[in-house]
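Residues: numbered from 1 along the sequence shown. The structure presented is a predicted model; accordingly, all values stated were derived computationally and were not measured.
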Amino acid sequence: MIIVTTESVPGKKVVDLKGFVKGSTVQSKHIGKDLLAGLKTIVGGEIKEYSEMMQEARQKAIGRMVEDAKSKGANAIICVRLETSSVMTNASEIIAYGTAVTVE
């Protein structure tokens with residue numbers, strides 16, 4: 001599956017528009033890692049537990065978007081975007097979306 005943020009795939013021709021596709025997930029870390037992350041805010045620096053959580057969430061959302069595109073017979077997704085929102089304390093939703101197409 002070709003995934004791009006642009007409106008076209010360089011060197012390829014869009015031959016069929018399959019439509020809007022999306023994938024999402026809501027992720028949170030367990031209480032132990034939340035406590036460690038809370039301590040990290042006191043001394044500063046990257047909170048690796050949350051960086052890892054968000055990376056996992058992005059991969060899941062993109063994977064679900066790809067499955068949606070495959071189910072429509074697409075071999076590429078153009079105009080891909082990622083968005084995030086907080087759904088509760090220490091939990092975030094990641095949404096990946098784009099336009100499924102067939103390219104040659």
Side-chain angles (χ1 to χ4, degrees):
M1 182 69 62
I2 299 169
I3 301 171
V4 296
T5 59
T6 56
E7 293 180 5
S8 62
V9 179
K12 304 280 186 180
K13 179 182 176 184
V14 174
V15 294
D16 194 17
L17 177 69
K18 301 295 186 176
F20 176 78
V21 290
K22 58 155 176 43
S24 67
T25 187
V26 175
Q27 290 282 118
S28 70
K29 284 289 182 189
H30 62 73
I31 191 72
K33 290 199 178 192
D34 283 344
L35 291 172
L36 291 173
L39 293 173
K40 185 69 170 185
T41 62
I42 295 170
V43 296
E46 179 181 8
I47 302 173
K48 291 183 181 179
E49 293 82 8
Y50 287 121
S51 294
E52 291 168 4
M53 175 188 76
M54 296 306 290
Q55 179 60 27
E56 290 170 18
R58 283 189 292 273
Q59 292 303 318
K60 285 181 185 178
I62 291 168
R64 290 173 180 168
M65 177 185 64
V66 167
E67 290 305 313
D68 190 13
K70 285 180 181 177
S71 74
K72 294 179 178 186
N75 66 357
I77 308 170
I78 59 174
C79 300
V80 172
R81 302 291 183 263
L82 293 168
E83 291 192 22
T84 185
S85 64
S86 178
V87 295
M88 61 183 284
T89 303
N90 300 329
S92 294
E93 177 182 32
I94 299 287
I95 301 170
Y97 62 93
T99 303
V101 297
T102 301
V103 296
E104 291 182 340

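Once rounded to the nearest 0.5 Å, the distance linking NZ of K18 with OG1 of T99 reads 13.5 Å. Atom CD1 of I62 sits about 13.0 Å away from atom CD of E67, to the nearest 0.5 Å. Between the CD1 atom in I95 and the CG atom in L82 there is a gap of 10.0 Å [rounded to 0.5 Å]. If you take CG on D68 and NZ on K22, they are separated by 5.5 Å, rounding to the nearest 0.5 Å.
Two residues are said to be in side-chain contact when any heavy atoms from C-beta on lie closer than 4.5 Å; S24 and R64 fail this criterion. Between M54 and Q27 there is no side-chain heavy-atom pair separated by less than 4.5 Å. K60 has its side chain out of reach of I94: every pair of non-hydrogen atoms, C-beta onward, lies at least 4.5 Å apart. For the pair V101/D16, no side-chain contact is recorded, criterion being any heavy-atom separation below 4.5 Å from C-beta on. For the pair V21 and I77, the minimum side-chain heavy-atom distance is below 4.5 Å.
Placement of I3 and I78 in two distinct hydrophobic clusters is found when ILVMFWY residues are connected by side-chain heavy-atom separations under 4.5 Å, directly or transitively. Hydrophobic clustering keeps F20 apart from V14 (ILVMFWY residues linked when any side-chain heavy atoms are closer than 4.5 Å, directly or through intermediates).
A donor-acceptor pair is defined here as one N or O able to donate and one able to accept, closer than 3.5 Å; such a pair exists between the side chain of R81 and the backbone of T5.
The shortest non-hydrogen separation linking S8 to P10 is O-CD, 3.7 Å. For the residue pair M1 and A69, the shortest heavy atom distance occurs at CE-CB, 3.9 Å. Taking every heavy atom of both residues into account, E83 and Y97 meet most closely at OE2-OH, 2.7 Å.
Residue K12 forms a side-chain contact (heavy atoms from CB on, under 4.5 Å) with just one option from I2, N75, T102, and that option is I2.
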